[in-house]
Amino acid sequence: MGSKAVIRPPRLAAGCRVALIAPSGPLPERDDHARAAELCRALGYEPVPGPNAARRHGYLAGTDAERLADLNAALGDGSIDAVWCLRGGYGLTRILDGVDFAALARRPKPVVGFSDVSVLLNAITGETRVVAFHGPTARQPLGAFTRRHFERVLGSAEPAGRLERVPPPPDVLAPRAPRIATLRGGRAEGPLAGGNLSLLQCLVGTRWFPDLAGALLFLEDVGEELYRIDRMLSHLRLAGVLAGVAGVVVGQFTEMPRASDGGLDLDDVLEHYLAPLGVPVARGFPIGHMDEQWTLPLGVRARLDADAGELALLDPAVA
C-alpha cells in the first residue's frame, strides 16, 4: 500500500455541489435532512439531497436498490463535487458489490462519512486509489474543533502537518482517559487505513479488506462489550491481517457497557493484541463516535508519534 500513489480528489470550495445520501441506516429524526442541508450552506456548499435519502425500509434507509441508486448516481454525476453520507447504521455491506467504483475513478471526488461508511471508504481507496475521508456525517452538528479539521483536510491547499488534539470524553472502562495513552512507544509512518472495528472485521476475506502492509491502522467503535472487541481483534490476528502494520492509532470506543467481572479493561485487551505487533501504538485520539473528531484521509501518508501522542498528516501526493 505504501508504495502506491494515491489520487487526491479536488478540494472543496465555496459553491461546490455536495450530494447528501443515506447508504446505510435511516435518518432517526425528521429534521435531519434539513439540518444537513443547512450545514452544507453554512460551509459554503450547495446541498443536493439524494432522491431516496429520506426513505425507510426497516433498519435501512430504503431498499438496497434505492440506496445503491442514490450512491451510484452521486458518484457518476459530473456536476456533483462531493458525496457526504448522512449517517452510518448498517447496510453498506449489502450493496458494496454493486458500487460503481469506475465512475469515481473517472471523476474523483471526496466521499465522507464514518462508522458503517468505513466499508465504503476502504473499498474506494482499495479499488480506485482515490482518497476517501473518514469524518463526521452530514446530519451531526459540527463544533469548532470538528469543523476546523473538516475544512482543513477537505478544503485547505496545505492540509499536511500535526493534527490538533482535544481531550476526548472519558471512556467507561478506561480510567486513564481522557489523555492519550501510549501502549507501545516509537514513531512510524505509513498510509492511513481503517475505521470502525466491527466493519473492518466484516471485510476480512473479501476483496475490499484494506491492504495493511506498511499502513497506519486506525480503529474505533461504539456500543460494543469488551469481550466482543476482544473477539474481533482475535479474528484479525488469526486472519493474519495485522502482521504488516506500521503502527496503530486507536480512537474512541464509546458507550461500552461496564464489565461485570472487574477483570480486564480496554487497555488490557488492546495491549494483548497490539503490543506484540512490535510497532508504535497509542490510544485515545479523537476518532469515532464523538462530537469532536478528526477528518482522516484514507491512503494519505501520516506519521504517528506514540510517545508524544501525536498524529501528523504528511504531504499527500497526487498520482
Side-chain angles (χ1 to χ4, degrees), residues 1-6 8 114 118 121-122 125 131-135 145-146 148-150 152-153 156 158-168 171 174 176-197 200 209-221 229 233 236-237 241-253 266-267 269-288 290 292-317:
M1 185 175 187
S3 63
K4 298 179 181 178
V6 293
R8 180 63 154 83
F114 79 111
S118 298
L121 302 179
N122 283 279
T125 303
V131 175
F133 298 87
H134 185 280
F145 174 87
T146 303
R148 187 159 58 250
H149 284 79
F150 182 89
R152 171 186 170 185
V153 172
S156 173
E158 297 181 358
R162 184 174 61 86
L163 293 173
E164 178 187 357
R165 203 175 73 204
V166 296
D171 247 331
R176 284 188 282 174
R179 71 178 179 85
I180 303 296
T182 302
L183 302 185
R184 191 177 190 280
R187 287 187 174 189
E189 292 185 12
L192 289 167
N196 184 269
L197 175 59
L200 288 174
F209 188 84
D211 179 5
L212 298 182
L216 287 183
L217 171 65
F218 66 93
L219 299 170
E220 63 86 23
D221 219 317
I229 295 170
L233 290 171
L236 297 186
R237 184 188 67 180
V241 298
L242 298 177
V245 298
V248 185
V249 180
V250 183
Q252 296 297 303
F253 282 71
L266 181 59
D267 280 348
V269 171
L270 293 173
E271 288 175 358
H272 177 78
Y273 290 105
L274 302 180
L277 298 176
V279 300
V281 182
R283 93 164 192 89
F285 293 97
I287 305 167
M290 55 190 300
E292 302 296 347
Q293 62 173 288
W294 285 337
T295 296
L296 295 178
L298 273 72
V300 168
R301 292 188 66 81
R303 178 186 299 115
L304 168 65
D305 185 334
D307 297 298
E310 293 180 350
L311 184 70
L313 301 180
L314 305 181
D315 190 21

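How far CE of M290 is from CZ of F145: 7.5 Å, rounded to the nearest 0.5 Å. Taken to the nearest 0.5 Å, the CG atom of L277 stands 11.0 Å off from the CG atom of L183. Taking CG of L121 as the start and CG of L192 as the end, the distance is 12.0 Å to the nearest 0.5 Å. Rounding to the nearest 0.5 Å gives a distance of 4.5 Å between CG of L266 and CZ of R283.
G195 and S118 make their closest contact through CA-OG, 3.6 Å (heavy atoms, listed as atom of the first residue, atom of the second, distance). Minimum interatomic distance between G135 and T295 (heavy atoms only, all atoms of both residues): CA-OG1, 4.0 Å. In terms of heavy atoms, T125 sits closest to G299 at CG2-CA, 4.1 Å. Taking every heavy atom of both residues into account, I180 and G309 meet most closely at CG2-CA, 3.6 Å. Contact detail for A306 and P280: the closest heavy-atom pair is CB-CB, 3.8 Å. The heavy-atom pair separating G185 from D307 by the smallest distance is CA-OD1, 3.3 Å.
Using a 4.5 Å heavy-atom threshold, the side chains of L304 and F285 count as touching. With a 4.5 Å cut-off on side-chain heavy atoms, Q252 and E220 do not count as touching. Side-chain atoms of H149 and L163, non-hydrogen and from C-beta on, do get closer than 4.5 Å to each other. Side-chain contact between V250 and L270: present, with at least one pair of heavy atoms (C-beta onward) separated by less than 4.5 Å. Taking 4.5 Å as the limit, some side-chain heavy atom of L197 sits within range of a side-chain heavy atom of L236. Between L242 and V248 there is no side-chain heavy-atom pair separated by less than 4.5 Å. In this structure, the side chains of P286 and T146 stay at 4.5 Å or more apart for every pair of heavy atoms. Side chains of P191 and V6 form no contact here, defined as non-hydrogen atoms less than 4.5 Å apart.
Panel note: side chain R303, backbone L314; no donor-acceptor pair is recorded below 3.5 Å. Here the side chain of N122 pairs a donor or acceptor atom with the backbone of G194 at under 3.5 angstrom. Judged by distance alone, the side chain of D221 and the main-chain N or O of N196 form no donor-acceptor pair under 3.5 Å.
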**Q.** Pair V249-L296, side chain to side chain contact (heavy atoms under 4.5 Å, CB included): steps then yes or no
**A.** CA-CA 11 Å; V249 180; L296 295 178; 5.9 Å; no
Q.
Show, in sequence, the C-alpha distance, side-chain angles and deciding distance for L219 and L233, and conclude whether the side chain to side chain contact (heavy atoms under 4.5 Å, CB included) test is met.
A. CA-CA 11 Å; L219 299 170; L233 290 171; 4.3 Å; yes
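Note: F218 and H134 have perpendicular aromatic rings, judged against thresholds of 30 and 60 degrees for the angle between ring planes.
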